[in-house]
Q: 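Before we start, here is the structure in question, set down as C-alpha cells.
Remember, it's a predicted structure, so these values are computed and weren't measured experimentally. Values below: every heavy atom of this structure, side chains too, minus hydrogens, waters and symmetry copies.
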Amino acid sequence: ELVADAVLLDDWAARLEAQRRHLTVLGTLRVLADAAEKGFADLRLALDRLRQTNFRARPELIEALLKWNAQRNRK
C-alpha cells in the first residue's frame, strides 16, 4: 500500500469510482495547468503535444484552459 495525496485518472468511469471511494482525483489537464502556473511547463506547447496523442478532452475545456493561461501570462 502507498500513501498518496491524489490519484491521476482521466478515464471517466475510473474517476467516478475513485470519487465514490473518497479519493482525491486529478486529471492530466489539471496537472499540466498546475505545472504551467508554477513555471514548470508551457501549457500551450504541452496541450499541442497532448493533441498529437490519443488523449481526448472536450474542446471547450481545452479552450478554457488556453484562455486562462493567456490571462495569467498577461499579469
Side-chain angles (χ1 to χ4, degrees):
E1 293 183 14
L2 299 175
V3 177
D5 293 331
V7 61
L8 176 63
L9 295 169
D10 289 312
D11 177 75
W12 187 252
R15 290 176 72 106
L16 291 175
E17 180 60 23
Q19 289 170 346
R20 187 185 71 75
R21 295 175 185 233
H22 306 287
L23 299 173
T24 301
V25 178
L26 298 177
T28 298
L29 297 177
R30 170 65 184 271
V31 171
L32 291 174
D34 287 352
E37 188 171 34
K38 291 179 170 84
F40 296 127
D42 178 323
L43 186 59
R44 180 172 288 281
L45 178 61
L47 292 175
D48 286 344
R49 288 181 177 171
L50 197 57
R51 287 178 180 155
Q52 295 173 17
T53 70
N54 64 347
F55 183 85
R56 294 176 295 166
R58 291 188 330 269
E60 305 86 38
L61 180 56
I62 299 292
E63 289 306 314
L65 276 173
L66 290 171
K67 183 177 179 180
W68 166 82
N69 191 55
Q71 290 173 344
R72 184 186 60 79
N73 285 336
R74 283 189 218 123
K75 293 180 182 179

Q: Is any side-chain heavy atom of Arg49 less than 4.5 Å from a side-chain heavy atom of Leu45?
A: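 Contact flag for Arg49/Leu45 side chains = yes.
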Q: Working note: Val7 + Thr24, criterion side-chain contact (heavy atoms from CB on, under 4.5 Å); need CA distance, chi angles, decisive distance, verdict.
A: CA-CA 6 Å; Val7 61; Thr24 301; over 6 Å; no
Q: If only atom types and distance count, is the side chain of Asn69 paired as donor or acceptor with the main-chain N or O of Leu65 below 3.5 Å?
A: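 No.
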Q: Could you note down all residue pairs passing side chain to side chain donor-acceptor pair (under 3.5 Å) where residues 31-46 supplies at least one of them, sequence neighbours left out?
A: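 Qualifying pairs: Arg30-Asp34.
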Q: Does some side-chain heavy atom of Leu8 sit less than 4.5 Å from a side-chain heavy atom of Val31?
A: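 Yes, side chains in contact.
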Q: Quick check on side chain to side chain contact (heavy atoms under 4.5 Å, CB included): which of Arg21, Arg20, Gln19 does Leu23 satisfy it with?
A: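 The single option meeting the side chain to side chain contact (heavy atoms under 4.5 Å, CB included) with Leu23 is Arg21.
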Q: List the atom of Leu43, the atom of Ala36, and the distance in Å for their closest heavy-atom pair.
A: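 So the two residues come closest at CB-CB, 3.7 Å.
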Q: Between Leu32 and Phe40, does the side-chain contact (heavy atoms from CB on, under 4.5 Å) criterion hold? Intermediate values first, please.
A: CA-CA 9 Å; Leu32 291 174; Phe40 296 127; over 6 Å; no
Q: Count I, L, V, M, F, W, Y as connected when their side-chain heavy atoms are under 4.5 Å apart, and connections chain through other members. Are Leu9 and Leu16 then in the same cluster?
A: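 They do not share one cluster, since no chain of ILVMFWY contacts under 4.5 Å joins Leu9 to Leu16.
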Q: Under 4.0 Å between a Lys/Arg side-chain N and an Asp/Glu carboxylate O for Glu63 and Lys67?
A: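 A salt bridge is absent here (no side-chain N lies under 4.0 Å from a carboxylate O).
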Q: Can Leu50 be reached from Ile62 by stepping across I, L, V, M, F, W or Y side chains whose heavy atoms are under 4.5 Å apart?
A: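 Yes.
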Q: Do Trp68 and Asn73 have side chains that get closer than 4.5 Å, going by heavy atoms?
A: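 Answer no - side chains too far apart.
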Q: Per the salt bridge (charged side-chain N to carboxylate O under 4.0 Å, His left out) rule, what does the pair list look like for residues 4-16, sequence neighbours excluded?
A: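 Qualifying pairs: none.
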